[in-house]
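Order of listing sets the numbers, starting from 1, for every ligand and every atom in it.
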Amino acid sequence: MKILVVNAGSSSLKYQLFDMDTEKVIVKGGCERIGIRGSKLTHKTEKGETELEQDMPNHKVAMQLVLQALVHPEYGVIGSMSEIDAVGHRVLHSGGDFDRSVLLTDEVLAICKKNAELGPLHMPANILGIEACREVMPDTPMALVFDTAFHATMPPHAYMYAIDYDDYKNYKIRRYGFHGTSHKYVSQEAIKYLGKPANETKIITCHLGGGSSVSAVLGGKCADTSMGFTPLAGVPMGTRSGDIDPAVLEYLAAKKNYSVLDCVNYLNKQCGVAGVSGVSSDFRDLTKAAAEGNERAQLALDMFAYGVKKYIGAYVAAMNGLDCLVFTAGIGENTWQVRKMICENMDVFGIRIDEKKNGMKNDGALHDITGEGSKVRVLVIPTNEELVIARETKELLV
Ligand code: ADP
């Protein structure tokens with residue numbers, strides 16, 4: 001069975017074709033700068049990489065080019081489009097209407113459109129990707145896999161905000177959580193590694209990347225997560241502030257003559273470690289600058305590690321214990337300095353890492369970096385959101 005995974009952003013469309021009998025990636029690629037001059041498709045197979053510079057005024061044209069690339073006589077990987085058994089789409093927000101992945105129908109698409117306002121940065125692009133794909137492959141079954149779905153098991157006391165209950169009911173204002181496919185994948189891999197029944201495990205997963213979130217996974221199910229109504233909440237991120245006193249908005253609006261929208265854009269794009277350091281949102285630049293003595297880069301790293309540490313402490317309390325701490329995504333998998341800072345002085349929770357093991361190079365495999373005498377397993381697990389999407393799509397078909 002072959003499954004195409006599609007992840008559509010506002011000006012990009014990433015894809016991977018999986019052979020689900022082996023779970024191997026046959027080809028991966030992406031279109032960049034859709035709707036902008038200078039659009040490009042990159043297509044990577046075992047044999048090599050092809051780059052095509054071609055105009056892509058919209059997502060439909062991009063999707064058509066992807067399909068042409070997949071069946072191309074030279075660098076294609078399949079004989080015809082009919083070899084694709086299904087498509088799995090990454091979708092940001094379920095709006096609380098779906099607690100799992102679903103097959104695409106007109107009704108499902110209408111619900112997604114209704115929920116687009118909950119994820120204005122991502123949902124319109126996700127929907128464009130789905131519609132484009134549907135137009136060019138009308139007979140192929142499609143599944144929608146939501147970033148929020150893994151968090152649907154949070155209990156009300158974790159997902160509710162302390163606001164007027166009617167506003168929660170009427171406007172669906174609550175914590176949803178994001179990066180769900182990643183938290184799900186790495187927590188399942190951790191459970192396999194621990195070799196215990198899932199319902200006996202207490203795991204904290206730290207997805208630390210461009211956006212970062214921490215989740216408490218109790219008995220294999222999400223019990224709490226750091227992102228909220230939007231992906232702006234939680235720990236400080238590359239350019240996002242993370243948690244902040246909401247009253248700052250009024251003060252900021254007055255001082256900088258901002259509208260509410262300006263304030264939210266500011267908190268999303270000009271803050272986080274980039275805003276604090278004035279250096280970069282990229283942790284490779286930050287660790288280099290800090291090592292060279294840049295105090296603001298060091299401060300940004302300290303704030304990031306402290307933010308993650310506090311969530312770990314909170315979730316140990318929420319779960320009344322911890323068996324395993326998992327690091328994943330760009331920073332979690334690669335930036336050993338940040339893992340070290342987070343795990344330092346965590347003896348009270350029984351967390352200790354082995355410095356030498358922590359210094360390993362990311363080779364795409366699971367690494368156990370647990371230190372001597374640690375009561376908690378500490379693992380680095382490369383995430384694989386696309387594989388989760390392909391697996392869930394397959395499950396919906398059989
Ligand atoms: P996203 O998918 O959310 O954009 P990633 O999970 O790719 O983000 O993470 C990006 C972050 O990971 C950047 O801050 C980057 O600096 C950091 N990072 C550190 N080392 C590496 C590395 N070797 N390769 C890729 N990203 C890295």
Side-chain angles (χ1 to χ4, degrees), residues 5-16 28-30 32 42 90-92 119 121-122 125-126 145 147-148 177-186 189 205-215 225-227 230-242 268-292 294 296-298 300-305 307-308 326-342 358-365 367 369 380-389:
V5 172
V6 174
N7 181 358
S10 54
S11 65
S12 68
L13 192 150
K14 293 189 209 138
Y15 61 94
Q16 288 194 18
K28 65 162 94 173
E32 290 166 51
T42 314
R90 179 179 189 173
V91 182
L92 178 83
L121 295 178
H122 301 85
N126 295 161
V145 180
D147 266 8
T148 52
F178 299 88
H179 294 140
T181 44
S182 178
H183 289 289
K184 179 173 184 176
Y185 177 76
V186 297
E189 291 297 303
T205 48
C206 304
H207 176 109
L208 312 178
S212 294
S213 63
V214 182
S215 290
T225 192
S226 61
M227 283 181 167
T230 75
L232 178 55
V235 300
M237 305 176 216
T239 62
R240 290 176 232 166
S241 63
N268 265 312
K269 296 187 179 147
Q270 286 171 252
C271 295
V273 292
V276 172
S277 67
V279 173
S280 167
S281 62
D282 193 303
F283 276 63
R284 286 165 286 199
D285 302 333
L286 286 176
T287 44
K288 185 163 175 280
E292 289 165 2
N294 185 313
R296 274 172 55 190
Q298 186 60 51
L301 289 172
D302 289 343
M303 288 170 64
F304 180 79
V308 176
V326 181
F327 291 102
T328 194
I331 301 161
E333 292 167 30
N334 296 294
T335 316
W336 62 267
Q337 298 93 325
V338 168
R339 291 194 300 258
K340 179 169 185 268
M341 291 165 78
I342 293 169
N358 184 44
M360 59 81 191
K361 275 245 171 306
N362 180 13
D363 57 2
H367 284 266
I369 60 167
V380 178
I381 306 181
T383 194
N384 196 340
E385 291 161 287
E386 290 76 15
L387 180 58
V388 175
I389 297 173

Considering only the protein, which heavy-atom contact is closest to atom 25 (C) of ligand 1, and what is its distance?
Arg284 NH1, 3.6 Å

Polar contact flag for Phe283 and ligand 1 (N/O pairs, less than 3.5 Å)
yes

The closest protein heavy-atom partner of atom 8 (O) of ligand 1 is Gly210 N, 3.0 Å

Contact check: Gly330 vs ligand 1, nitrogen or oxygen atoms, below 3.5 angstrom
yes

Heavy-atom contact under 4.0 Å between Gly332 and ligand 1?
no

Look at atom 19 (C) of ligand 1 and say which protein heavy atom is nearest, naming residue and atom and giving the distance to 0.1 Å.
Thr335 OG1, 3.3 Å

Between Lys361 and Asp363 (salt bridge meaning N to carboxylate O under 4.0 Å), is one present in this structure?
no

Answer with yes or no whether the side chains of Gln298 and Asp302 bring together a donor and an acceptor at under 3.5 Å.
yes

Residue, atom name and distance, where the atom is the protein heavy atom closest to atom 11 (C) of ligand 1:
Ile331 CG1, 3.8 Å

Please tell me whether Thr328 and Glu333 have a donor and an acceptor in their side chains that are separated by less than 3.5 angstrom.
yes

Is there any N or O on Ala329 that sits under 3.5 Å from an N or O of ligand 1?
no

Which residues pass the ring-ring contact (aromatic ring centres under 6.0 Å, His included) test with Phe178, not counting sequence neighbours?
His93

Relative to the ring of His207, is the ring of His179 parallel (under 30°), tilted (30 to 60°) or perpendicular (over 60°)?
parallel

Among protein heavy atoms, which sits nearest to atom 20 (N) of ligand 1, and what does the distance come to when rounded to 0.1 Å?
Asn334 CB, 3.2 Å

In a check of side chain to side chain contact (heavy atoms under 4.5 Å, CB included) between Val186 and each of Asn384, Val326, Thr181, which one passes?
Val326

Looking only at distances, please establish whether an N/O atom of ligand 1 is found under 3.5 Å from an N/O atom of Asp282.
yes

